[in-house]
Every structure is written in C-alpha cells, then in structure tokens.
Amino acid sequence: MTDTIEKPSLNFVEQIIEDDLASNKWDGRVQTRFPPEPNGYLHIGHAKSICLNFGIAEKYGGGGNLRFDDTNPIKEEGEYVDAIEKDIRWLGFNLDDRVLFASDYFEQFYEHAIALIRAGKAYVCDLTSEQTREYRGTLTSPGKDSPHRDRSVDENLDLFQRMRKGEFPDGTRTLRAKIDMASPNFNLRDPVMYRILHADHHRTGSDWCIYPMYDWAHGLEDTIERVTHSVCTLEFENHRPLYDWFLDALDVFHPQQIEFARLNLGFTVMSKRKLLELVRDGHVEGWDDPRMPTLSAFRRRGYTAEAIRNFCDRIGVARFNSRIDLAVLENCIREDLNKRAPRVMCVLNPLRVVIENYPEGQVEELDGINNPEDASAGERKIPFSRVLYIERNDFLEDAPKKFFRLAPGREVRLRYAYFVTCTQVIKDDNGEIVELRCTYDPATRGGSAPDGRKVKGTIHWVSADHAVDAEVRLYDRLFTEENPDKTKENTSYLDCLNPESLTTLSNCKLESSWRSAADATTWSDRIVRVQFERTGYFCLDPTTSDTKPIFNRTVTLRDTWAKMQKRS
RNA sequence: UGGCCCGUGGUGCAAUCGGUAGCACGCCUGACUCUGGAUCAGGAGGUUCUAGGUUCGAGUCCUAGCGGGCCAGCCA
C-alpha cells in the first residue's frame, strides 16, 4: 500500500532551518530565543512567538532560551519578570536553566563598545536629543554628520569611560556608531548605542548609569548565547542591516535574524502600550482581567494552554500582516473543552417552577452523565424535587413554532428527569412572570417516555431546595470594533470599548452535585473547569469562596437558536 | 515625491522551489441526538492585485503599475 499521507507543510522559518540543517550551516545546531522586555504582561501575540521559537527548538532538538531584554530600567520591573516566566511555564514549555537576562551581559556590551571605539567605528556625541533628530534628516533628505563625529579614538575612549563613571548628566552625551548619515535606512544614520540614564535597574541596581540601546544590545545578546536563528517581528526588518553591521564590525559569531508577522486578533488590541493603558486607567481590573488578551487573562478565563498552543499552530507563520478571526480561537478552546470538561447544570437567570402533581417533600436522586465525550468521567446523582428553577429564557409565553422549549401547554424534557408540561403562568403586579406551574409525567422518569412519544426540547434545571447559590461572570469581547486600532478620525481605541464586555450574574442556581462532576477531571494547571449544559464553558475564579462559588465564562457553546434569532 | 517588505476563496494559511489551486475557520443543506451541544454527510465560494514579458507550460521567474505595512525614540 502506498502511503500518500501528506506531511504537514513547513512554515517559512522551518524551511530556512531545514535548509540550514541540510547545508550544515550551523554545524547542525539550532538555537532560538524568546526575548521579552519585562515591561508588561505577555499576550497571545507573544504566545505565537513563544510557540514558534520554543516549538522549533523542540522540533529540531535545539535549545530555546527565555531571555529578558532588560535594557531600559525606566520601564521594567521585577513583577513583570515573574509574570512572564509563570505564563511561559503555564503554556507548557520547559525552561530548565535557560532563563537569561541581557543585563547579565552589560559588562560584555561595554567591552565590545570599547573595541568598536578603538576600531574607529563609534564615537561619543554631545548633541542633545533634539539636535540629534534634526541632524538625522528626513525620509527624502540625507542627514548631517555630527560635529563630534571625528573625535580621536583617545578622546572617545576617555569620554565614554567617564560616561560610565557617571560624570555627565542624563541626556548630555551618547555613544554612536559611525556608519552613514546619508543612508536611506534611518537605522544606519549613526545610531545611538548608549544613552546616559541615572536610573536604578531592577537587577543591576545602581551599577550602571549608561544603558545600551536595542540595536546595539540585541545582536550581542544573540551572539553571546550562540543563537542561530534570531526570530523577531516584521517591524524589525529595517533593523536587520544594523544588526548585521554591528556583528560584522565586531567580527563575532553572527546569527541570522528572521522576521515574521505578529499576531492580530479581532476585537482586541495587542500593543503593550495600550494594554498597559487599559490597566493603568482602570478600563479593566488588571492584567489578568478575563477580557484582556494577556495569557494570564486567558488562564483566568478558563482557556487551556493546550488550546492556545493549538491555536498558535493553526494560524500559521508568514510575512504578511493579517488579523485572525476570533472564531478561530474560540473554536480551539471549544474543541478542547468539549472533550474534557465535565457537564453540570446551572441556571443563570432563575425562574421558579412548581411541579404541581409532584409530592411535597419528596426528593429523588437522578443519574446524570458527567461527560458524554468521556465515559471514564462517570456519573453522579442529581436531586429532584417539587420546586425547581429553570432558565428564564427557556420559557416564552408567546412562543413561535420553532421555539423548542417551554411555553404554555407545551411539553419539554427536564434533562435526566421528567417530561413536564406548563399549565399556568403566574405574574406579579407589574406583569412580570414570577413563577410557572407545571405537571410532570411520572412515567418519563429518567427522560424517556414508555409510550415512545418525543419532545423536541430538553432544558436544564436545578432543584430549588438543593441549589447552590453562585456568581457567574459573563465575558464578551472588549471592543465593539473588529480592529480597534483603526477607528474613525478623532476617535481612539478607547472609544470603542464594549460597555457590555462584562455581565455579572449574582443569583445563579448551581446543581448541588457539581463538585463531584467537576472532580471527575483534573487539569494540569489545577483550574476547575466545567460545562454548564447548554450555556457554555466556565471555570472557577481564583477569588471564589466556598460559600458562594464564582465562575467565569470561558466561551459560550455554539448556539444555533441564537443564530436563528439574530438572522430574523 | 526615500528605503525595505508584502498582495492566493469571507478570513487565515498550503501548493515539496515552473506542470493550471488545497486545508482550516466561517457560511449554507441534510442526518443523528435526552445539551438547538457534540458528531457525521454534503454544498456554495478563487481570472492566485493588474498589465505586459520569459517559457511548451507561471500562483511560482522578470518588468511596470496599483494596493497595503514598517521606518525620522537618547523605546523595544
């Protein structure tokens, strides 16, 4: 038999790596790195990069470093370092001893700078930042040489050493590479390598008052770690000539920089600046507010690491800036949770139902299946009694034909229980429905009728006397626009925040046996996840209490009824 | 009106580096069902941005145009 199973196609980065492996370019070695700046929390766009970089390392038997690119003490904090590490481990990547810091290389950067000065390829410049900008020129006109460009090596050495010693105030001098002020690529117009910053660094404290710029530091970090493939996002494309220039000028091990398109996701923003703003200005409750696109937020919302990694695999890697449909992500988490999450009944918006012909004081234990997708999850007993709660929107007084739920005179099945028929609607003085009266058919115990009659609808319910009170938080997209970054003139992404992104339901009625179902499945991150039948997937919030559990909605179930309603 | 990069069904990616397009999501139909869930079966949808060129043959190569992205921090 000819095996024609297609091998999965490689993305362009893997293509490069396999070519390099074939030509033995790096002695068969593959070394990647993920280099976040600890100035914010990781978001799902970072997950794409993490999966790419660490995924490649795993796939080709290479190494993948987590390297904190901590070269700007003003924006960086230890809190972010811890959060970033936690998120990556949660995603399931083994970091071992490969957690590294650019700040550990500061001394080496300094020595390399001295070498560059000695080679006549770097100079100390006394221009202010405004002057530097003026001298840089524009898109269409070349820049002008700095008046300090031709200082002697000795003078440069002396000045640079004194910069390090702290003899000059912030902003008074820089060390710049001597390249080409007329280059059409701005990055080559004598880029700044070091700036003076008398600021405490979260790791090196007050050891330094000069800090390296990204372009100067990054290639050095890569060369020090013997990175072979330095994968970054598209906006660094214009920086690659400079990356190469520094490494060539120093004549050191020279990794290859490869750029790919960052992830954009519908109905959210992905820039760290904007996410920080959302947190700082209180538009959300924190970095892990479940509406955020951060990994800590997805975790708190109930997303699994598996689903996120699967998502990252699915979206592909290319050099084209695109935006992924939110539905793809939702599909990934539903797919995972459908297989694994135990089912439980919870009434979100309770409506009281009295089964008139059911004996008062009687309680029955009915069998419920914990997970129809996984027999090993077992069964549980669910208490049934005369007074129940059902979902308010499972009843309609004037129900259309296509409405398969409860309505006056109509019969539905209570899941795992009995067929019931609505006989009476009780309203308060304002005309609001406060209670339903029903009758049940004792012969339909367990949910099927001996006479073979069918009912179209099955609804969930909870016994009133046994119900556990719960708070449930319903999350929706944070923005009303698919692309909040590109709104109409004079508006910002903040103007399209979705006012209904969070709905808190504090009077939910949860099945008393929910725990035994939930315990049927254990998750590697210890988060408790369940499906509330017919409404969605939920997880226990970290702030939950024993007396009144708090659940976060991860994602709704696919809802064709809602879709039909939307269409008409 | 400078440079660099990109352009394949609604969306995201493939097409083993020249042999006339395939997958996923979405959408539509139907089957089944004690979740209007899940599952299964089927369907619609593409002049591969445009125009030239090279070639027996081009989504793949060349040229031009059009459209989009990035770049003038002592941020990364």
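Order of the sequence lines sets the chain letters (A, B, ...), proteins ahead of strands, with each chain counted from 1.
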At a cut-off of 3.5 Å, list every protein nitrogen or oxygen paired with a nitrogen or oxygen from nucleotides 40-47 of chain B, distance to 0.1 Å.
none

G36(B) phosphate, OP1 or OP2, under 4.0 Å from Arg534(A) side-chain N/O: yes

In chain order, what residues pass the side chain to side chain contact (heavy atoms under 4.5 Å, CB included) check against Cys232(A), with sequence neighbours excluded? Phe236(A), Gln257(A), Glu259(A)

Results of salt bridge (Lys or Arg N to Asp or Glu O under 4.0 Å) for Glu482(A) - residues two or more places apart only: none

By salt bridge (Lys or Arg N to Asp or Glu O under 4.0 Å) - contacts of Arg453(A) (at least two apart): Glu411(A), Asp441(A), Asp451(A)

Taking protein heavy atoms under 4.0 Å as touching, what does nucleotides 61-74 of chain B look like 5' to 3' if B marks base contact, S marks sugar-phosphate-only contact and - marks none? --------SBBBSB

Mind checking what makes side chain to side chain contact (heavy atoms under 4.5 Å, CB included) contact with Ile16(A), not counting sequence neighbours? Phe12(A), Asp20(A), His229(A), Gln256(A), Ile258(A)

Mind checking what makes salt bridge (Lys or Arg N to Asp or Glu O under 4.0 Å) contact with Glu79(A), not counting sequence neighbours? none

Nucleotides 24-28 of chain B: which of its N/O atoms have a protein N/O under 3.5 Å away?
residue: G26(B); atom: OP1; partner: Arg558(A); partner atom: NH2; Å: 3.2
residue: C27(B); atom: OP1; partner: Lys563(A); partner atom: NZ; Å: 2.8
residue: C28(B); atom: OP1; partner: Arg567(A); partner atom: NH1; Å: 3.2

Can you pull the salt bridge (charged side-chain N to carboxylate O under 4.0 Å, His left out) pairs that have at least one residue in residues 35-45 of chain A, sequence neighbours excluded? none

What stem regions, each of at least 3 consecutive Watson-Crick or G-U pairs below 3.5 Å, can be found for RNA chain B? B:2-7 with B:66-71, B:10-13 with B:22-25, B:27-31 with B:39-43, B:49-53 with B:61-65

Under the side chain to side chain donor-acceptor pair (under 3.5 Å) test, residues paired with Glu18(A) that sit two or more places apart: Tyr60(A)

Only counting residues at least two apart or in another chain, list the ones meeting side chain to side chain contact (heavy atoms under 4.5 Å, CB included) with Ala83(A). Tyr41(A)

